[in-house]
Undergrad: 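Before I ask anything, here is the structure I am working with.
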Number of protein chains: 2
Amino acid sequence: MTEKRKLTLKDIARELGISISTASRALKEHPDIAEDTIRLVKAYAEKHHYVPNTLAVNFRKNRTFNLGLIVPELVHHFFSTVISGAIDTAKKNGYNILVSQSNDILADEVMACRTMLASSVDGLLISISNETVEGVHLKEFLEEGKPVVQFDKITDHLNTPKVIVDDFNGSYMAVKHLIGQGFRKIAHIRGRTEVKNASERAMGYKQALLDHGLELREEWVKGCKLIHEQEGYDFCKELMESKNPPDAIFCITDLVAMGVLKYLKEKSIQIPEQVGVMGFSNWKLAEIVNPGLSSVDQHGYEMGQKAVLKLIDLIKNHDVENDEIIELKTNLIIRGSTTSTKNSDKVTLQ
Amino acid sequence: MTEKRKLTLKDIARELGISISTASRALKEHPDIAEDTIRLVKAYAEKHHYVPNTLAVNFRKNRTFNLGLIVPELVHHFFSTVISGAIDTAKKNGYNILVSQSNDILADEVMACRTMLASSVDGLLISISNETVEGVHLKEFLEEGKPVVQFDKITDHLNTPKVIVDDFNGSYMAVKHLIGQGFRKIAHIRGRTEVKNASERAMGYKQALLDHGLELREEWVKGCKLIHEQEGYDFCKELMESKNPPDAIFCITDLVAMGVLKYLKEKSIQIPEQVGVMGFSNWKLAEIVNPGLSSVDQHGYEMGQKAVLKLIDLIKNHDVENDEIIELKTNLIIRGSTTSTKNSDKVTLQ
DNA sequence: CTGTTAGCGCGTTCAT
DNA sequence: ATGAACGCGCTAACAG
């Protein structure tokens with residue numbers, strides 16, 4: 001084992017015949033210290049590659065420059081994009097990120113929080129699991145004076161800043177676009193009622209229909225449990241086989257839309273001529289699939305950035321009672337799956 | 001700010017009228033300590049929610065139970081799968097994972113290593129960037145006695161354990177499958193020569209052709225620079241427009257295969273009847289696309305698990321001179337894009 | 001069985 | 001301008 005013992009302030013002091021505190025201050029260019037001494041110490045430190053022992057510094061200062069980040073699922077385009085933004089931003093500000101996942105299981109989330117708290121992160125970024133309601137495990141952070149920032153999947157039970165996407169508006173604009181393309185019988189495959197993002201999107205869908213005088217049929221609204229591709233496939237089948245099939249389907253997320261596309265293709269139903277399809281999240285696969293899937297971009301990278309900056313801000317200001325809401329605008333990405341080729345169908349909306 | 005001061009051993013000792021070390025030992029059920037004392041201390045600690053100060057413990061023991069993990073790109077199905085496996089396994093063993101990305105830029109990788117080293121991880125997991133050759137920044141870890149485990153994208157210049165996928169064999173089996181399905185003119189869209197994985201896959205491809213008496217035409221081998229979808233599209237176009245177009249295309253990765261599929265669909269070339277397509281990596285989208293894309297599964301999750309277990313092993317044994325190679329078997333996933341419907345085409349291989 | 005003591009590396013207050 | 005001394009919270013060698 002190679003492991004050469006690291007140089008400490010004590011070593012420098014001994015070698016240079018000065019005291020430890022002088023060495024310490026010299027390295028920080030403390031005004032009390034003589035120019036000559038500073039130069040001397042700095043030169044020696046430089047030459048022998050002195051690196052302060054982070055563990056000791058952290059201990060002394062009671063902070064680590066590490067931030068915790070917990071998401072429901074790591075292997076997920078949106079979340080990994082958020083993480084990517086968070087990591088890059090953290091790095092720029094001298095912070096590292098500890099990543100963990102809950103698999104949408106409360107017990108796992110609590111565990112993840114505990115280990116993070118134990119490993120002494122300076123703050124926490126979290127997108128809660130479907131099972132999380134009260135979030136007492138998150139209050140533990142606040143009680144220790146460690147700030148928490150929620151993002152994307154949030155709970156209002158917790159008094160922390162939240163970085164979210166304007167789901168309602170994103171959804172509204174998506175449906176409005178469908179209407180503008182001439183679609184009139186617009187179905188929605190939504191998520192679970194208890195999940196805020198899903199509700200917001202469903203509300204945006206309904207409002208858009210209402211505002212444009214279209215009928216809102218409950219039979220055209222289907223609820224996913226797991227947000228899987230298969231559900232999209234199955235609900236699409238149900239919808240298309242019903243007495244009154246829709247001419248467009250707005251899906252809670254791109255993955256579900258993939259299932260929808262699959263069914264339509266299998267049945268040789270023309271997209272978008274016969275049925276338009278709109279996703280949400282703008283995953284990588286939305287641009288790869290054929291025809292391209294129109295979708296709502298959630299700016300995941302930016303969400304990660306904003307959340308980290310907010311958290312660092314809280315840490316610096318010892319602020320744990322902040323509950324600001326940062327809402328990111330969405331971006332409608334229009335591709336082949338919704339752009340009707342028949343110009344006669346199109347409608348100009350205000 | 002709420003921040004209630006945390007209970008320390010000193011507090012417990014004072015309250016219970018015992019010494020600090022007795023309190024410390026009692027909590028650890030040290031054999032020297034009387035049963036009664038242990039009960040007493042434990043009860044008090046429990047009641048007042050004593051939690052040892054991790055920063056102090058880390059400082060004392062000179063370790064953090066944090067592992068560093070660096071990948072070229074976080075938003076990437078394969079890498080996020082590896083990370084997922086790494087995190088789950090680390091958690092089970094009481095370790096946290098610090099994640100960073102290099103964006104395939106050497107300078108970023110060096111930076112990431114430095115901050116990780118500074119934040120005192122106990123060891124490092126890394127999949128190097130395309131630009132990394134010597135890896136002196138990684139040697140810094142070894143010099144400090146901190147073990148490093150490489151995975152997937154590795155360099156032989158570094159004397160560390162490596163967890164890799166058997167690219168050669170995966171590729172060989174994939175091409176063999178194509179041959180078995182009756183394809184005879186098999187092209188390969190490969191990656192850069194300098195990248196080991198790409199070379200291994202290309203070699204597997206060549207060997208399979210050789211072993212089955214098929215011709216190896218250099219014009220059927222195209223080299224990607226960026227491994228993007230567009231390259232797949234462009235090379236596919238080149239291949240199909242050439243005088244002697246192939247009847248199957250084996251792609252270095254699923255993303256490239258997506259470009260290939262896109263071109264073929266646009267030209268209404270039947271898959272797999274006219275041209276078979278094989279990917280590599282088995283991304284999520286391989287099963288979503290239509291027809292399903294045959295691919296080679298790399299067991300990313302398992303790679304993450306194995307790498308973490310190896311690293312923890314090294315840490316426990318203070319072992320930094322280990323250069324074991326852990327090679328994971330691949331798994332051929334057969335889907336619609338290669339399963340010829342004409343049984344007459346099929347060949348039985350040994 | 002338990003307490004005393006020393007020290008990890010660094011920052012900081014208080015002398016000088 | 002510099003040094004001595006203390007303490008952060010915990011562990012462990014040593015002493016009873």
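Within every chain, numbering begins at 1; the chains are lettered A, B, ... in the order of the sequence lines, protein sequences first and strands thereafter. Since we're looking at a predicted model, the values are computed, not measured.
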Undergrad: Establish, from distance only, whether the side-chain atoms of B/Gln101 and A/Asp88 form a donor-acceptor pair under 3.5 Å.
TA: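 There is such a pair (donor and acceptor under 3.5 Å, judged by atom type) between the side chains of B/Gln101 and A/Asp88.
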
Undergrad: Atom NE2 of A/His30 and atom P of C/dC10: how far apart are they, to the nearest Å?
TA: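 In whole Å, C/dC10 P and A/His30 NE2 are 18 Å from each other.
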
Undergrad: Assign each of A/Ile18 and B/Lys61 to its nearest nucleotide of DNA chain D by heavy atoms, then name whichever residue's nucleotide is nearer the 5' end.
TA: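 First, find each residue's nearest nucleotide; the 5'-ward one identifies A/Ile18.
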
Undergrad: Under 3.5 Å, is there a donor-acceptor pair between the B/Thr81 and B/Ser84 side chains?
TA: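 Side chains of B/Thr81 and B/Ser84: no pair found under 3.5 Å.
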
Undergrad: What is the distance, to the nearest angstrom, from the CG atom on A/Leu16 to the P atom on D/dA1?
TA: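 It is 18 Å, rounded to the nearest whole Å.
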
Undergrad: Please list all pairs passing the salt bridge (Lys or Arg N to Asp or Glu O under 4.0 Å) test where one or both residues lie in residues 105-125 of chain B, with sequence neighbours left out.
TA: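 Only B/Arg114-B/Glu140 qualify under salt bridge (Lys or Arg N to Asp or Glu O under 4.0 Å).
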
Undergrad: Between B/Lys196 and B/Asp156, does any NZ, NE, NH1 or NH2 come within less than 4.0 Å of an OD or OE carboxylate oxygen?
TA: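 Answer for the salt bridge query: yes.
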
Undergrad: Between atom NZ in B/Lys10 and atom C1' in D/dG7, what is the gap in whole Å?
TA: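 After rounding, the reported distance stands at 7 Å.
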
Undergrad: Report yes if at least one side-chain N or O of B/Tyr50 is closer than 4.0 Å to OP1 or OP2 of D/dC10; otherwise report no.
TA: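 For B/Tyr50, the contact criterion (side-chain N or O under 4.0 Å from OP1 or OP2 of D/dC10) is met.
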
Undergrad: Testing B/Ile83, B/Val82, B/Asp152 for side chain to side chain contact (heavy atoms under 4.5 Å, CB included) with B/Val71, which one passes?
TA: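 The single option meeting the side chain to side chain contact (heavy atoms under 4.5 Å, CB included) with B/Val71 is B/Ile83.
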
Undergrad: Test of understanding: with ring-ring contact (aromatic ring centres under 6.0 Å, His included), list the residues that count as partners of A/Phe78, not counting sequence neighbours.
TA: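 Counting only residues at least two positions away or on another chain, A/Phe78 forms no ring-ring contact (aromatic ring centres under 6.0 Å, His included).
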
Undergrad: Students often mix this up, so state it plainly: with edges at 30° and 60°, are the rings of B/Phe65 and B/Tyr95 parallel, tilted or perpendicular?
TA: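 Perpendicular: the ring planes of B/Phe65 and B/Tyr95 meet at over 60°.
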
Undergrad: Give, ordered by number, those residues of residues 19-29 of chain B having at least one heavy-atom distance below 4.0 Å to an atom of DNA chain D; if nothing qualifies, reply none.
TA: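 The answer is B/Ile20, B/Ser21, B/Ser24, B/Arg25, B/Lys28.
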
Undergrad: Round to the nearest Å and state the distance from A/Ile38 atom CD1 to D/dT2 atom C1'.
TA: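 It is 12 Å, rounded to the nearest whole Å.
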
Undergrad: Expressed in angstrom and rounded to an integer, what is the separation of A/Leu40 atom CG from D/dT2 atom P?
TA: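 Those two atoms, CG and P, are 10 Å apart.
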
Undergrad: Of the residues in residues 52-60 of chain B, which ones touch DNA chain D at a heavy-atom distance under 4.0 Å?
TA: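 Heavy-atom cutoff 4.0 Å gives B/Pro52, B/Asn53, B/Ala56, B/Val57, B/Phe59, B/Arg60.
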
Undergrad: In residues 302-316 of chain B, what donor-acceptor pairs under 3.5 Å come from side-chain atoms, sequence neighbours left out?
TA:
unit_1   : atom_1 : unit_2   : atom_2 : d
B/Glu302 : OE1    : B/His299 : ND1    : 3.2
B/Glu302 : OE2    : B/Lys306 : NZ     : 2.8
B/Lys310 : NZ     : B/Glu324 : OE1    : 2.6
B/Asp313 : OD1    : B/Asn317 : ND2    : 3.3

Undergrad: Would the distance check show the side chain of B/Asp104 and the main-chain N or O of B/Asn130 forming a donor-acceptor pair, the cut-off being under 3.5 Å?
TA: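 The answer is yes, because a donor-acceptor pair under 3.5 Å joins these two groups.
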
Undergrad: To the nearest Å, how far apart are A/Asp32 CG and C/dG11 P?
TA: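 Roughly 16 Å, once rounded to whole Å.
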
Undergrad: Once you round it to whole Å, what is the distance between P of C/dG9 and NZ of A/Lys6?
TA: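 Taking atom P of C/dG9 as the reference, NZ of A/Lys6 is at 10 Å.
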
Undergrad: Does atom CD (A/Glu46) have a neighbourhood of more than 12 heavy atoms from anything else shown, all under 6.0 Å?
TA: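 At most 12 heavy atoms, drawn from other residues, nucleotides or ligands, come within 6.0 Å of this atom.
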
Undergrad: Pick from A/Leu125, A/Leu98, A/Leu74: which one makes a side chain to side chain contact (heavy atoms under 4.5 Å, CB included) with A/Leu69?
TA: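 Considering A/Leu125, A/Leu98, A/Leu74, a side chain to side chain contact (heavy atoms under 4.5 Å, CB included) with A/Leu69 is found only for A/Leu125.
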
Undergrad: For the helix from C/dC1-D/dG16 to C/dT16-D/dA1, what angle separates the axis at the start from the axis at the finish, each from five pairs, in steps of 10°?
TA: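 End axes: 50° apart.
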
Undergrad: To the nearest Å, give me how far apart CG (A/Asp36) and P (D/dT2) are.
TA: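 Taking CG of A/Asp36 and P of D/dT2, I get 9 Å after rounding.
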
